[in-house]
Amino acid sequence: MAIRIYNTLTRKKEPLETLTPNVVTMYVCGPTVYNKAHIGHAMSALVFDILRRYMAYRGYEVQLAMNYTDVDDKIIQRANEMQVDPFALAEGYIEDYRKNLADLNIEPATYNPRASHEIEQIIDMVQTLIDKGMAYPMDGDVYYRVRKKADYGKLSGRNLDDMRAGVRKDADDRKEDPLDFALWKSAKPGEPAWESPWGKGRPGWHIECSAMNQHYFGTTIDIHGGGNDLIFPHHENEIAQSESYSGEPFARYWVHNGMLQLRGEKMSKSLGNIISIDEFLQLHSADSFRYLVLNSAYRNPIVFSPDVIEQAEKALDRLKSGLRPALPGVHGASDEVLQALEAQRVATKDGFITCMDDDFNSAGALGHLFELVRLINHSRDQNASEEQLKPAQDQLRELLQVFGLMMAEEAADQGGQSADPFIQMLIDLRLELRKQRTGRWFGARPAESTGRDFGRFREVLLALGIDSDEKNGLPAVMRHLKF
RNA sequence: GGCGACGUGGCCAAGUGGAUAAGGCACGGGUCUGCAAAACCCUGACCAUCGGUUCAAAUCCGAUCGUCGCCUCCA
């Protein structure tokens, strides 16, 4: 039995066959660091974290590269607006993102390349593409010659003639074809720039990923991932560049996650419907977001709303209930009960693997986990002892860990009655304030509407002398609270 | 306009040709005998609409309606 993965390139599920047995090389497009990351970024990062953890569970050594685009028009623009150095700006957001990923329990990538560290490789690739006639310099810029690649469009299912009609009117007429894209951009005075055979400049967006792949993994990688909004033009262009450069296939499997939506729309700056990861984590647990991702197919969109998060939190409580200890003073369950529990343990593990092997069907796999939870709880109810519960609970914990849910590591709730009275009071207060919250807390003006009740809660904390400095995250006491 | 995805019980969501359509949340009933919570047990859908293929369709094909994404920076 092998893992089957949906490959955007072939539009089919295919068995995972890696270049090197038991090793997966995977590259995932990371963020352009010109702003705080939002929960759409989190969804993508979570999807690939789940894939990665599962492949590791199935015995693969996963080598993951996730890049930071730290040289980019938007970064330069933002830095100019803020009167700061663009590299310092990027550095700050990289640090923020690292922390976001850690808070979300996402395992660090094996490599975190940055565009600005790959200039040598980039220049080499661009020059090679020029030498091969696949690219041409033009006034300090270098463009890729789209018409020269016979199969350009194979990933996104487009052909060049169909796209012509859609090209913007203000397209740069210096280009041979309006669809030719920049590999290298000449720099204006004051912009970050590197010396190159074509003058001072900086890399285009697409080339950096090709260069980083080449640098870390060589000509061909197993899996290339990213959001499905990157299919065109970004990934299409990566394929064009890399394959023209090496003459070899670039990535064997293209994996794309669906978009996170707010009110049924994709989150985007222009719509003003952004929730940052920080904002989310102020109100909710990392596990709740992970559950949201697990509970739907990674290729489909997720519509984010207070409802679904609330449901996720409840569902997590239920999963957690399976890890509770045996009832006090029990004498043990009947053989019948124990046999059923063991049968479910095995069925759940098998079902989990069957689902996940089928293109990472985490929602289906979750269903099997809940079935195990029910049997564990049932057995506990039937007087199963701690020892009798243990194999099933260990199994549950193992699979929760594969999913990356932090609850698996947290100590089992000791019968649900151990909370410090002071903490309990805070929990009650917090819940009360949340109930009073009215209307939608997300929306066009997140900065003003988000976490108003949380703000009031913080006032109380401050009055009690508890520091909840938002920059440094929540103080330890807050971690006990359910948000 | 071009390319693509999706539409399953009140909500979220698996299942993509065949035996009773997973699971979670919410609701209702019960174990419960002060109340409440937890846990346990029980309870609900013929799968957007129409037509077709087939011995057999939520699952394949076509049309219609609806939602969303990409085609410009985007996870």
Side-chain angles (χ1 to χ4, degrees), chain A residues 8 11 13 28-32 34-35 37-48 66 69 72-75 77 97 153 155-159 161-171 179 181 205 225-236 256-261 263-270 274 277 291-292 294-305 307-322 324 327 348 351 355 358 361-382 413 415-417:
Chain A
T8 307
R11 320 237 163 206
K13 285 183 195 173
V28 177
C29 286
T32 300
Y34 71 105
N35 210 333
H38 57 66
I39 54 179
H41 295 109
M43 175 186 173
S44 185
L46 245 8
V47 162
F48 291 102
M66 190 209 71
T69 299
D72 171 85
D73 292 348
K74 274 181 294 193
I75 297 172
Q77 189 189 333
Y97 196 61
L155 180 69
S156 53
R158 293 151 205 261
N159 70 67
D161 296 316
D162 282 350
M163 286 188 286
R164 281 211 107 133
V167 170
R168 287 160 67 175
K169 289 285 193 296
D170 62 345
L179 290 159
F181 57 90
W205 175 37
N228 68 14
D229 54 344
L230 297 180
I231 294 172
F232 189 90
H234 186 51
H235 290 163
E236 195 70 71
H256 292 100
N257 65 275
M259 293 292 100
L260 186 78
Q261 302 180 357
R263 293 177 180 164
E265 295 168 326
K266 179 182 163 184
M267 281 204 293
S268 79
K269 285 276 167 214
S270 53
I274 305 269
I277 296 173
Y291 181 89
L292 209 59
L294 288 167
N295 191 42
S296 70
Y298 73 88
R299 288 192 277 129
N300 291 344
I302 293 177
V303 178
F304 184 86
S305 72
D307 273 357
V308 295
I309 278 295
E310 201 173 305
Q311 290 181 12
E313 286 171 343
K314 297 268 181 55
L316 286 169
D317 283 344
R318 172 145 186 87
L319 280 177
K320 227 179 286 186
S321 73
R324 287 182 194 156
L327 267 18
T348 290
C355 283
D358 182 15
N361 178 3
S362 55
L366 261 183
H368 291 289
L369 257 37
F370 281 110
E371 279 167 6
L372 182 57
V373 166
R374 188 176 63 238
L375 258 289
I376 290 172
N377 288 342
H378 175 76
S379 304
R380 184 192 298 106
D381 230 46
Q382 300 291 314
D413 185 345
Q417 48 187 315

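Treat the numbers as computed from the prediction; the structure is a model and nothing was measured. Convention: sequence-line order gives letters A, B, ...; per-chain numbering from 1. Basis for what follows: all heavy atoms, side chains included, without hydrogens, waters or symmetry-related copies.
To the nearest angstrom, P of B:rG23 lies 14 Å from CG of A:Leu369. Taking atom NZ on A:Lys74 and atom C1' on B:rA75, their separation rounds to 11 Å, with Å as the unit. Between A:Asn228 atom CG and B:rA75 atom C1' the separation is 9 Å, expressed in whole Å. Rounded to an integer number of Å, the gap from A:Gln382 CD to B:rA39 P is 16 Å. Atom P of nucleotide B:rG23 and atom CG of A:Leu292 are separated by 20 Å, given to the nearest angstrom. If you measure from atom NE2 of A:His41 to atom P of B:rA75, you get 4 Å, rounded to the nearest angstrom. When rounded to the nearest whole Å, the span between CG of A:Leu260 and P of B:rG69 equals 12 Å. Straight-line distance from the CD atom of A:Glu371 to the C1' atom of B:rC40: 16 Å, rounded to whole Å.
B:rG28 and B:rC42 make up a base pair, with Watson-Crick or G-U wobble contacts both under 3.5 Å. Across all strands shown, B:rU53 has no partner, as no Watson-Crick or G-U wobble contact with both distances under 3.5 Å is found. Checking B:rG66 for Watson-Crick or G-U wobble geometry (two distances, each under 3.5 Å) identifies B:rC6 as its partner. Applying the Watson-Crick and G-U wobble criteria (two distances, each under 3.5 Å), B:rG1 pairs with B:rC71. The base-pairing partner of B:rA58, taking Watson-Crick or G-U wobble contacts with both distances under 3.5 Å, does not exist among the strands shown. Across all strands shown, B:rU20 has no partner, as no Watson-Crick or G-U wobble contact with both distances under 3.5 Å is found.
A:Leu319 approaches A:Val373 most closely through the heavy-atom pair O-CG2, 3.8 Å. In terms of heavy atoms, A:Gly227 sits closest to A:Met259 at CA-CE, 3.8 Å. Shortest non-hydrogen contact noted between A:Gly40 and A:Leu260 is N-CD2, 3.8 Å.
Among residue pairs with one or both ends in residues 367-378 of chain A, none qualify as salt bridge (Lys or Arg N to Asp or Glu O under 4.0 Å); sequence neighbours excluded.
Going from the C1' atom of B:rG44 to that of B:rC25 covers 14 Å, rounded to whole Å. Separation of the P atoms belonging to B:rA48 and B:rG15 is 15 Å when rounded to the nearest angstrom. Separating the P atom of B:rC46 from that of B:rC11 is a span of 14 Å, rounded to the nearest Å. B:rG17 sits 13 Å from B:rA58 when the P atoms are compared, rounded to a whole Å.
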Shorter than 3.5 Å, N or O on both sides, protein versus nucleotides 14-16 of chain B: list them out with atom names.
residue: B:rA14; atom: OP1; partner: A:Ala297; partner atom: N; Å: 2.7
residue: B:rA14; atom: O3'; partner: A:Asn361; partner atom: ND2; Å: 3.0
residue: B:rA14; atom: O2'; partner: A:Asn361; partner atom: ND2; Å: 3.4
residue: B:rG15; atom: OP1; partner: A:Asn361; partner atom: ND2; Å: 3.2

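Within the 3.5 Å criterion, the main-chain N or O of A:Arg324 finds a donor-acceptor partner in the side chain of A:Arg380. A:Ser362 places a side-chain N or O within donor-acceptor distance of the main-chain N or O of A:Leu294, the cut-off being under 3.5 Å.
Nucleic acid contact class of A:Leu230 (heavy atoms, under 4.0 Å, all strands): sugar-phosphate only. Looking at heavy-atom distances under 4.0 Å, A:His38 makes contact with a base. Residue contacts shown for A:Gly157 are limited to sugar-phosphate atoms, with no base heavy atom under 4.0 Å away. Nucleic acid contact for A:Gly225: none, since no nucleic acid atom lies under 4.0 Å from a heavy atom of the residue. Among the atoms of the strands shown, only primed sugar atoms or phosphate atoms (P, OP1, OP2) are found under 4.0 Å from some heavy atom of A:Lys314.
Look at A:Asn377 and you'll find a side-chain N or O under 4.0 angstrom from OP1 or OP2 of B:rC40. The side chain of A:Arg158 contributes no N or O atom lying less than 4.0 Å from OP1 or OP2 of B:rC3.
Aromatic ring pairs are classed by plane angle as parallel below 30°, tilted from 30° to 60° and perpendicular above 60°; the pair A:His256 and A:His235 is tilted.
Mapping A:Arg299 and A:Met43 onto RNA chain B by nearest heavy atom places A:Arg299 at the nucleotide closer to the 5' end. Positionally, the nearest nucleotide of RNA chain B for A:Val308 lies more toward the 5' end than for the other of A:Val308 and A:Gly258.
Residues A:Asn377 and A:Arg318 have side chains in contact (heavy-atom distance under 4.5 Å, counting atoms from C-beta outward). Considering only heavy atoms from C-beta on, A:His368 stays 4.5 Å or farther from A:Leu372 through its side chain.
Of the listed nucleotides (B:rC12, B:rC40, B:rG4), B:rC40 has the atom at the smallest distance from the side chain of A:Arg318. Of the candidate nucleotides B:rA39, B:rG24, B:rA75, B:rG24 has the atom nearest to the side chain of A:Tyr291. With B:rC12, B:rG4, B:rA75 as the choices, the nucleotide that has an atom nearest any side-chain atom of A:Asn257 turns out to be B:rA75. Here the side chain of A:His378 is nearest to one of B:rC71, B:rG24, B:rC40, namely B:rC40.
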